[in-house]
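The residues of the chain are indexed from 1 along the displayed sequence.
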Amino acid sequence: KYTVDQPLKCCLLIRKYTSMPNRLINATSPYLLQHAHNPVDWYPWSKEALERAKEENKPILISIGYAACHWCHVMERESFEDEKVAEFMNEHFINIKVDREERPDLDQIYMDAITAMTGQGGWPLNCFLTPDGRPFYGGTYFPPQPMYGKPNWLYVLKRIAETFKTQRQTIEEQANNLTYHIQSQDQVIFKNPIFDDTATYPVDAELVVKVFNRLQTSFDTDDGGFGGAPKFPGTMNIDFLMQYYHHSQEQLALDHALFSIDKMIEGGIYDQIGGGFARYTVDKEWLVPHFEKMLYDNALLVGIIADAYKITQNPDYLEVIQQTLSFIETEMRSEEGGFYASYDADSEGVEGKYYVWDKAEVDRLIGNGSVIFDAFFDITEEGNWEGKNILNRRMSYAQFAEKTGLEMWELKQIVAKGRKALLEERQKRVKPGLDDKIILSWNAMMCVAYAKAYEASGNPHYLDIAVQNMDFLLVAFQEEGGKYFHTYKNGIAKYPAFLSDYAQLIDALIVLYQVSHKVDYLKKAAALTKHVRQHFSDTQQVGFYFTPDYQEDTIIRKKEFYDGATPSGNSMMAYNLFRLAALLGKWEYRTLALKLLKSVETMIMKAPSSFGRWATTWMNFAYPFYEVAVVGKEAVDKMAGFQKKYYPNKVTAIATDAVNYPELVENRFIEGKTLIYICKDQACEQPVEEWQEVNFV
C-alpha cells in the first residue's frame with residue numbers, strides 16, 4: 001500500500017504484522033483480530049483471563065469497541081501499538097479486548113458504569129475492574145497527550161495502578177456502589193404494575209396522542225428527522241408516525257415521516273452511488289455521514305421505506321429499496337445466505353476516502369452529461385466536505401426535471417449512466433474494512449426487511465432471499481435443547497444468544513410466515529417464545545433479562561428496555577406476544593404483553609424517542625387490531641393483493657387446504673369457496689369472497 005516516500009508508515013505496518021501475536025490471534029471477530037498483533041497482551045473475555053486477575057490480584061482493563069468504530073482505530077494506533085504504553089499495561093493490568101457486537105451483554109453492563117461515572121458513553125469504552133469484574137473507573141477515548149479536556153492514556157494507567165495499590169478500600173467501595181447502581185437501574189425503569197390477570201384493563205389512545213405531541217416538539221421541520229446534530233435515522237419514531245397517521249388521519253404525522261425519509265435518501269447519509277445508508281451524520285442536514293454502514297440500520301430503513309411505498313407508491317422509494325438491497329446482496333451477503341455485520345468508515349486509514357470525489361475526476365469519468373450529473377448531485381470545484389464532494393441531492397427527480405426542463409426519462413438516464421461509471425471506478429479503490437461476522441438478531445432484522453420489500457414490490461426474488469436467510473439461521477445458529485448462538489463465522493457459531501436475538505428471530509418468523517405462508521415458521525416462533533419465557537423471565541418482577549439463566553460469566557443479569565439504534569429485546573417481545581396471541585389463540589400472551597407495556601407506561605410518555613417500539617405496540621391495544629384469514633384454493637393470490645396495502649394493525653393467515661394450518665383458520669373451510677375472514681377482539685364478521693365487501697379500517 002505504501003510507497004518509498006512513506007518509510008515510517010511502511011515500517012510500522014511491517015512491525016505490526018511480523019511481531020508475535022497475542023491471544024486474540026485465535027478469535028473470529030475481525031475487531032479482535034485487528035488487535036491480535038498489538039504489543040498489549042490482550043485476552044478475549046474468558047475464564048482464563050478472569051482467573052489470572054484473581055490469582056495475581058491485578059485490576060482488569062476491559063476495552064470494548066467494534067470493527068467499524070473510527071475512534072477505536074485511532075486509539076489503537078496511538079496507544080495500543082505503542083511499546084512503552086503496552087509494557088506498562090502488561091505489567092500492571094490484565095487486559096481484555098471485547099467486540100461489543102459479539103458481547104452486547106458486557107457492553108451494556110460496563111457502558112452503564114461509564115455513563116454513571118462520566119455522564120456519557122461511547123466507543124472505544126475503556127473500563128477498569130476489580131479482579132472479580134466489578135467496575136470502578138473508566139471512560140471512552142483517551143488521547144496519547146492531554147487534549148480535548150482529557151488526560152493522556154499513560155497518565156490514566158499510572159494513576160489507576162497506583163490507586164489500586166495504595167487505596168484499595170476506596171476502590172472496593174466505588175466498585176460496590178457502581179455495581180449496586182447498575183443492578184438497581186432496571187427497577188427504576190420497569191415498574192411492576194399492580195395487575196390482576198383476570199381483570200380487563202382498558203387501553204385508550206390518550207398515551208399515543210401524548211407521544212405524538214411530544215415527538216412533534218423535536219421535529220426538524222427544515223431538514224427532517226428529529227433534533228439537531230449529530231443526526232440518526234430515528235426509524236422507530238418514523239414508524240410510529242406512519243402508524244399514528246393510519247389510525248388518526250393526522251396529516252402532520254405522515255408529512256413529517258415522509259419528509260424525513262425524503263431528506264435521508266437525498267442526503268449524504270445515503271450512498272448515492274452504491275446504495276445503502278451510513279449510521280448517522282455529524283450535521284443536521286444529513287450531508288456528512290459517519291461513513292460506517294451497519295446491517296441493522298439498513299434493515300430498519302428498508303422496512304420503513306417499504307411501508308412508505310405502500311402508502312404513497314412513490315417510485316423514488318422503490319428505487320432506494322432496490323439499490324440498498326442490491327448493495328446488501330453484493331457486498332454483505334455470504335454464500336451460505338447470511339448477512340455480514342458492517343463496513344468500516346475508514347479505508348487506507350482515512351475516514352470516508354472510499355466515498356468522496358473530486359469534480360475533475362467525476363467529469364472525466366462521465367464525459368457528456370457531467371454538467372447535469374454534477375448539478376443534480378451537488379458536485380463543485382471546491383467540494384462540500386474537506387475539499388472533496390459527498391454526493392447528495394438538493395431536490396427530488398421531479399423537482400430537478402421541472403427546474404431544468406429535462407424530461408424525466410432523460411434525467412434518469414444521465415443519472416444511471418453516471419452512477420454506473422462512478423461505481424465501476426470506485427470498485428478499483430481500496431475498500432473499507434468488512435466485519436464479516438454474522439449476528440443472529442441483525443440477520444433477523446434484514447430478513448424482515450426483505451419480507452417487507454417483497455410485500456411492497458411483489459418481487460419474488462426478495463422473498464426467496466428472506467427464506468434462504470431464515471433457513472440458514474435456523475440451522476447455522478442452532479444449539480442443543482432449543483438454544484441458539486449469537487454469532488457465526490467460518491462455520492463456527494459462538495456465545496449463547498441474547499434476548500434481542502430470540503426476540504428479533506421470533507419477529508422474523510412471524511413476518512415471514514405471513515408472506516410465505518409456511519406454517520413451520522409460525523410453529524418455530526411459538527417454540528422460541530416458550531424458550532424465552534422459560535429462560536429469560538424475571539420470576540420476581542416483570543420483564544425479561546438480556547441474558548439466559550444458563551449463561552454465567554457476567555457479574556449481574558440486566559434488562560434491556562430502551563429502544564436505541566435497534567429495538568430493545570423487551571419491546572420486541574411485547575410486540576411478538578401481542579401478535580402470537582392472535583395467531584396461536586394464546587390469549588394469555590396478550591395479557592403478558594400488556595403487563596410489559598404497563599411497566600414502562602410512564603417512560604413511554606416521558607421519553608418517547610427512546611421507546612419507539614413500545615409506543616407502536618401500545619397502538620395495537622389502543623386502536624382496532626384485526627385478524628385476517630383467507631381460506632381456500634385461491635387464498636395465496638387473494639392475500640397477495642391485500643398485503644401490498646398499508647395495514648399495520650393486523651396479522652394474516654392463509655390456508656389452501658384443511659391439512660396444515662394455523663389456529664386462526666381452524667374450522668373455516670367451505671368446499672369450493674375461497675373466503676375472507678375479518679376478526680377483531682376475538683369476534684368475527686361474516687366471511688366474504690371479495691375484498692370490496694370487507695369493512696376494514
Side-chain angles (χ1 to χ4, degrees), residues 189-191 193-195 199-222 224-228 232-261 300 303-304 307-308 310-312 542 561-564 567-568 570-579 581-582 590-591 593-626 645-651 680-681 695-697:
I189 301 298
F190 275 107
K191 301 293 187 183
I194 301 171
F195 210 94
T200 301
Y201 291 87
V203 178
D204 59 35
E206 182 181 355
L207 178 141
V208 180
V209 175
K210 287 180 178 178
V211 168
F212 170 70
N213 290 335
R214 192 171 287 271
L215 279 178
Q216 189 180 341
T217 64
S218 65
F219 284 2
D220 182 346
T221 55
D222 293 324
F226 306 88
F232 292 82
T235 47
M236 279 164 279
N237 295 329
I238 294 173
D239 184 29
F240 172 87
L241 292 179
M242 289 194 293
Q243 292 197 36
Y244 182 68
Y245 163 77
H246 176 80
H247 292 296
S248 69
Q249 294 301 295
E250 172 58 68
Q251 189 64 40
L252 181 60
L254 179 62
D255 288 346
H256 192 72
L258 298 179
F259 180 58
S260 300
I261 292 171
L300 293 171
I304 64 165
D307 285 341
K310 284 184 177 182
I311 296 170
T312 65
V542 70
F561 41 82
Y562 287 116
D563 293 325
S568 71
N570 273 284
S571 68
M572 283 304 304
M573 282 309 301
Y575 183 46
N576 292 339
L577 288 163
F578 180 86
R579 290 174 295 164
R590 186 183 176 102
T591 302
L594 186 54
K595 276 186 179 181
L596 285 164
L597 285 166
K598 283 286 188 180
S599 71
V600 294
E601 180 177 1
T602 301
M603 294 304 299
I604 295 173
M605 288 188 286
K606 281 185 177 179
S609 61
S610 298
F611 288 82
R613 178 66 74 196
W614 291 103
T616 54
T617 303
W618 190 284
M619 273 193 278
N620 292 330
F621 283 96
Y623 294 103
F625 190 88
Y626 297 91
K645 299 177 181 178
Y646 182 67
Y647 289 115
N649 55 329
K650 54 100 173 68
V651 290
K680 181 178 71 172
D681 299 328
N695 180 23
F696 196 87
V697 178

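The ring of Phe226 has its center closer than 6.0 angstrom to the ring center of His256. Phe625 and Phe578 have their aromatic ring centers within a separation under 6.0 angstrom.
Every salt bridge (Lys or Arg N to Asp or Glu O under 4.0 Å) that Asp307 has, sequence neighbours left out, goes to Lys452. Residues meeting the salt bridge (Lys or Arg N to Asp or Glu O under 4.0 Å) test with Lys680, sequence neighbours left out: none.
Put simply, the side chain of Met242 does not reach to within 4.5 Å of the side chain of Tyr245, judged on heavy atoms. You'll find the side chain of Leu596 reaches within 4.5 Å of the side chain of Leu577, heavy atoms only. By the 4.5 Å heavy-atom criterion applied to side chains, Tyr647 and Asn649 are counted as neighbours.
Between Trp614 and Phe611, the angle of the ring planes lies from 30° to 60°, which puts this pair in the tilted group.
Under the salt bridge (charged side-chain N to carboxylate O under 4.0 Å, His left out) criterion, no residue pair touches residues 240-252, with sequence neighbours excluded.
One finds the NZ atom of Lys650 at 10.0 Å from the CZ atom of Arg579 (value rounded to the nearest 0.5 Å). Atoms CZ and CG, from Arg613 and Asn237 in turn, are 11.0 Å apart once rounded to the nearest 0.5 Å. For the atom pair CG of Leu594 and CD of Glu601, the computed distance is 9.0 Å after rounding to the nearest 0.5 Å.
Checked by atom type and distance alone, the side chain of Ser260 never pairs as donor or acceptor with a backbone atom of Gly224 at under 3.5 Å. Between the side chain of Arg214 and the backbone N or O of Met605, at least one donor-acceptor pair lies under 3.5 Å.
Partner Val211 forms a side-chain contact (heavy atoms from CB on, under 4.5 Å) with one of Val209, Leu215, Asn213 and no other, that one being Leu215.
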**OP:** May I have the step-by-step check of side chain to side chain contact (heavy atoms under 4.5 Å, CB included) for Phe219 and Leu241, ending in yes or no?
**Re:** CA-CA 11 Å; Phe219 284 2; Leu241 292 179; 3.9 Å; yes
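If you check the side chains of Asp239 and Thr616, you find no donor sitting under 3.5 Å from an acceptor.
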